[in-house]
Amino acid sequence: MSQSLDSCVTGVRHFNRFYTRRIGVLREGLLDSALSLTEARVLYELAGGEGTTASEVCSELGLDAGYLSRILRGFQKRGWLQRGAAKEDARRQPLSLTRSGRAAFQSLNTRSSEQIRQLVSGLGPGDQDHLLGAMRTIETLLEPQDRSAQPYLLRTHRPGDIGWVVHRHGVLYSEEWGYDERFEALVAQIVSEFVRRYDPDRERCWIAERNGERVGSVFLVRKSKHAAKLRLLLVEPAARGLGIGKRLVEECIRFARQCRYQTQSELKAARRIYQQCGFRLTATDPHQSWGRSDLVSETWELDLR
């Protein structure tokens with residue numbers, strides 16, 4: 001664990017050095033202006049919220065009150081800042097930019113946008129999406145918000161989803177359950193068969209998305225005229241606890257009822273979800289597979305009649 005943490009620390013510090021150099025924040029004046037990075041960030045906060053107080057800026061940026069006070073005095077000397085009246089506490093005076101202050105912000109903001117435009121203009125649409133996804137991941141991991149308030153959506157599969165399902169099953173089941181590459185090969189076989197024999201009237205794949213990223217999947221696959229299998233239920237670790245797994249299973253049940261199926265599944269990891277949705281355990285089968293000798297396949301069924 002210590003070695004893994006040390007490696008993470010080294011990697012994050014390396015990225016910090018790379019990115020601060022790449023966007024030019026190490027130079028004496030940010031974007032060829034007379035402002036430091038912190039001063040420009042304070043200017044941005046003041047431009048974004050009319051009547052913002054010094055206390056709010058301190059809280060948002062994590063700045064020392066004395067340091068912020070010196071920055072604000074500098075803005076006033078430049079004629080960029082005006083303060084409203086506050087009888088009790090100067091820290092709660094509403095702050096706003098003057099006309100010249102807004103002009104200074106607009107000039108800096110335009111240059112900042114142009115700098116980033118030049119930075120990413122050489123990337124194709126797919127790479128731009130990948131870059132934004134990686135940045136969202138950094139934000140989510142280092143400063144998690146109220147996860148229950150973050151919406152997600154379910155949709156049917158489209159190009160690229162099938163490969164993702166295989167990849168994430170291979171990675172997660174190796175990390176969490178110790179499965180080897182033979183399990184990944186089995187998943188690839190299942191989804192390949194699904195695509196080749198896909199019957200949109202009787203079968204479905206659902207992908208869960210949150211913040212523009214795939215976070216879950218499930219398949220309903222025809223087994224016979226009256227029965228179907230619920231397969232490859234997966235929810236990414238960062239999205240667990242939001243009810244996504246249960247929602248995916250409920251969507252399968254809804255569609256299975258439409259098709260007048262009985263549904264059947266053999267995914268041990270989803271036991272709690274199946275129990276909540278009314279499935280019952282009908283069979284167990286101990287076996288050795290995928291580098292593990294202690295596995296038990298479970299069959300859960302739900303009577304939809």
**OP:** Compute the centroid of each ring, for Y19 and then for H14, and state whether the two points are separated by less than 6.0 Å.
**Re:** no
Find out whether [X] and [Y] are in side-chain contact, i.e. whether some heavy atom of one side chain is under 4.5 Å from a heavy atom of the other.
{"X": "S174", "Y": "Y179", "answer": "no"}
{"X": "Y67", "Y": "T38", "answer": "yes"}
{"X": "V57", "Y": "T52", "answer": "yes"}
{"X": "L97", "Y": "L43", "answer": "yes"}
{"X": "L220", "Y": "W206", "answer": "yes"}
{"X": "F75", "Y": "L46", "answer": "yes"}
{"X": "R41", "Y": "E45", "answer": "yes"}
{"X": "L72", "Y": "L68", "answer": "yes"}

Residues in side chain to side chain donor-acceptor pair (under 3.5 Å) with [X], at least two apart?
{"X": "S192", "answer": "none"}
{"X": "R78", "answer": "none"}
{"X": "E203", "answer": "none"}

**OP:** Ignoring hydrogens and angles, state whether a donor on the side chain of S96 or Q82 is under 3.5 Å from an acceptor on the partner side chain.
**Re:** yes
Original post:
Going by distance alone, is a donor N or O of one side chain under 3.5 Å from an acceptor N or O of the other, for R73 and S69?
Top reply: yes
Original post:
Does S217 use its side chain to pair, donor to acceptor, with the backbone of L232 at less than 3.5 Å?
Top reply: yes
Original post:
Does the salt bridge (Lys or Arg N to Asp or Glu O under 4.0 Å) test come out yes or no for D32 and R111, once each step is laid out?
Top reply: CA-CA 9 Å; D32 299 321; R111 276 179 277 169; 5.7 Å; no
Original post:
Can we say R158 and E209 salt-bridge, meaning some charged N sits less than 4.0 Å from an Asp/Glu carboxylate O?
Top reply: yes
**OP:** Just say parallel, tilted or perpendicular for the rings of H169 and F183, cut-offs at 30° and 60°.
**Re:** tilted
**OP:** Go through the steps for E251 and R254 under the test salt bridge (Lys or Arg N to Asp or Glu O under 4.0 Å), then give the verdict.
**Re:** CA-CA 5 Å; E251 198 66 21; R254 182 194 62 79; 2.7 Å; yes
